[in-house]
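Below is one structure, written out as structure tokens; comments come after it.
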Amino acid sequence: MWGSGILKGFAITMRNMFRGPITVMYPEQKLTLPERARWAVAPRYDAEGRPKCTACLICVNECPDHVLNLEVSKSEDGAKHIDRYVYEVGACMMCGLCVEACPFDAIEMSHEYELATRDHGDLVRVLLRDVDAASTRRAKGGDDA
Amino acid sequence: MSALGILGRFAAMLVLLLVNGVVLIYMLRKVLGRLHLRIGPNRVGPFGLLQTTNDVIKLLTKEDLRPDSADAWLFNIAPYLIFVPSFMAYIPLVFGPTLAVTNLDTGLLLAFALTSLVPLGVLMAGWSSNSKWSLIGGMRAAGLQIAYEVPLLLSALGPVMMAGSLDPARIVAAQSGVWLGFIPRWFVIPQILAFVVYAIASQAETQQTPFDMSEAESELITGFANEYGGMRFGFMYLAEFSNTFIVSAIGTMLFFGGWQLPWVATPAWLAPFVFIAKTYTGIFVMMWARGSLPRFRVDQMLSFCWKVLIPVSLAWVVVWACVQRLWPVVAMAVSR
């Protein structure tokens, strides 16, 4: 019938009226994020609280926006030491490719979504600072302890 | 009427207009919010009730700017030319059996004449701003509102013929009682077609979505009001909401029995409340349409008006005139 679409539209909006708002009063109330929501990149730690990062640089190479940077030094015995793991959250598009690429499950897309800052400098984060990188064997098998 | 009486009436009209403006803006934002599954204003005061008051204070205290290249005289006068007719259009409204600004035999005509002055102000604002968006908005408003004036007037003719008067008080009085013992004698029932035309045309007349080409938020920003700020813009905005109230009030008087409750006699003290409640229900329906329908294109709008609404309302006037004339003859023939 001519005009039935208009009536259907009216019915939909009236139904919406009785459904009530789907938005919440944000700072007081917060929605629970879906489990796979992707927000700021965060490092992961093992059971003893040591970072699982092995400083393999795969995430750094993988990042399309070049927002990740690892500054690595080597000690005399050849073990890697992470000086700084820098993350520019302001330029990150939360694509999650770094997390997908990481073979050691050492980083994750966290659920931290309140990323606004008052200072531009806060948009550059240091995820890890001055820690020993996990050895690849320990991270994979855990036999090295 | 004494000078004091006239002043008092004008003050009452002004208060009603301002309160209406504040309430309607809040209502619009809340209703649109709910229709779109949002909450609407909720921060200022309980339930966001003070939001519009704060907006008014903001408008009042803003700097009054005028573009250098604007036509100063027209630019300054246009908001008042939009505001004053919509303020004056409160004169013929009948709020109760004894409550009206004044009784006019041609009150309905006055109301329509005043609302049809609005496009003049809109066109003036659009032209004098010396900005292409304002001009496009103003031209659209002129083309549109003048076009929709015709079906608006024609659709009002049906109830006028039934009541045999242009006096709103008498039109309302003619709608008391019942037909066949249980149907309220509201003119909307025999005049349903005229009512539909009136509803559509009044939506266009008050420049509300889906007929808001002259503002067209997404393409012309605010169209004719583009270069205005501060209280000049406030006047235009207020006039828009006051016009909404007026067309809804006139619709209530023409089609829904004005201040009268159906079936029971309405006490005089209750009449204004009934009238306001009916009017606000009408406004709610207009907002509902506003929240439901997308904007027409300009050509669709104008062809809809000239090719559908005007022929339909003209035909309805002719048909109803014949019915009105022939009904007594037929009734007599049947009873004989």
Side-chain angles (χ1 to χ4, degrees), chain A residues 1-42 65 89-96 99 108-125, chain B residues 26-49 51 151 192-193 195-197 199-204 208-212 280-297 300-301 303-305 307-309 311-312:
Chain A
M1 192 188 86
W2 187 82
S4 63
I6 291 178
L7 295 180
K8 227 177 271 174
F10 271 84
I12 288 171
T13 43
M14 187 42 78
R15 211 179 311 138
N16 283 352
M17 186 120 192
F18 289 107
R19 271 170 71 191
I22 55 170
T23 51
V24 296
M25 305 278 283
Y26 160 61
E28 293 93 31
Q29 287 168 293
K30 286 173 186 174
L31 295 171
T32 47
L33 289 178
E35 198 174 334
R36 292 177 65 188
R38 297 197 305 258
W39 290 96
V41 175
D65 289 346
V89 67
C92 179
M93 61 175 176
M94 322 290 175
C95 64
V99 174
E108 62 174 351
M109 302 305 285
S110 71
H111 282 184
E112 181 202 351
Y113 59 88
E114 287 161 316
L115 301 170
T117 59
R118 288 181 182 277
D119 186 4
H120 191 259
D122 294 342
L123 291 175
V124 180
R125 294 180 172 186
Chain B
Y26 175 75
M27 179 176 158
L28 175 74
R29 297 177 65 179
K30 271 290 185 197
V31 168
L32 284 188
R34 291 302 293 255
L35 288 173
H36 296 159
L37 298 172
R38 293 180 285 115
I39 301 174
N42 55 49
R43 290 286 152 190
V44 192
F47 307 106
L49 273 168
Q51 182 70 52
I192 182 73
L193 200 65
F195 172 68
V196 171
V197 173
I200 296 171
S202 61
Q203 191 88 1
Q208 304 208 49
T209 326
F211 304 113
D212 66 335
Y280 267 73
T281 313
I283 293 171
F284 172 76
V285 174
M286 290 170 88
M287 289 177 176
W288 183 15
R290 199 174 164 152
S292 305
L293 303 175
R295 187 180 302 129
F296 278 95
R297 281 200 321 264
Q300 285 174 330
M301 270 224 49
S303 63
F304 180 62
C305 177
K307 291 180 185 165
V308 180
L309 284 186
V312 163

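Just so you know, these numbers come straight off a predicted model, no measurement behind them. In what follows, chains carry the letters A, B, and so on, assigned in the order in which the sequence lines appear, proteins first and then strands, with residues in each chain numbered from 1.
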Taking every non-hydrogen atom, the tightest pair across A/Thr23 and B/Arg38: OG1-CA, 3.7 Å

Spacing of CG belonging to B/Leu35 relative to CZ belonging to A/Arg19, to within rounding of 0.5 Å: 12.5 Å

Heavy-atom neighbours of B/Phe47 CZ exceed 12 at 6.0 Å: no

A/Phe10 versus B/Ser292, closest heavy-atom pair with distance: CA-OG, 4.1 Å

Shortest non-hydrogen separation from A/Gly20 to B/Leu37 and the atoms involved: O-CD2, 3.5 Å

Nearest-0.5 Å distance, OG1 of residue A/Thr13 to CG of residue B/Leu293: 7.5 Å

Residues of residues 26-39 of chain A with any heavy atom under 4.5 Å of a heavy atom in chain B: A/Tyr26, A/Pro27, A/Glu28

Point-to-point distance, once rounded to the nearest 0.5 Å, from CE of A/Met14 to CZ of B/Arg34: 11.0 Å

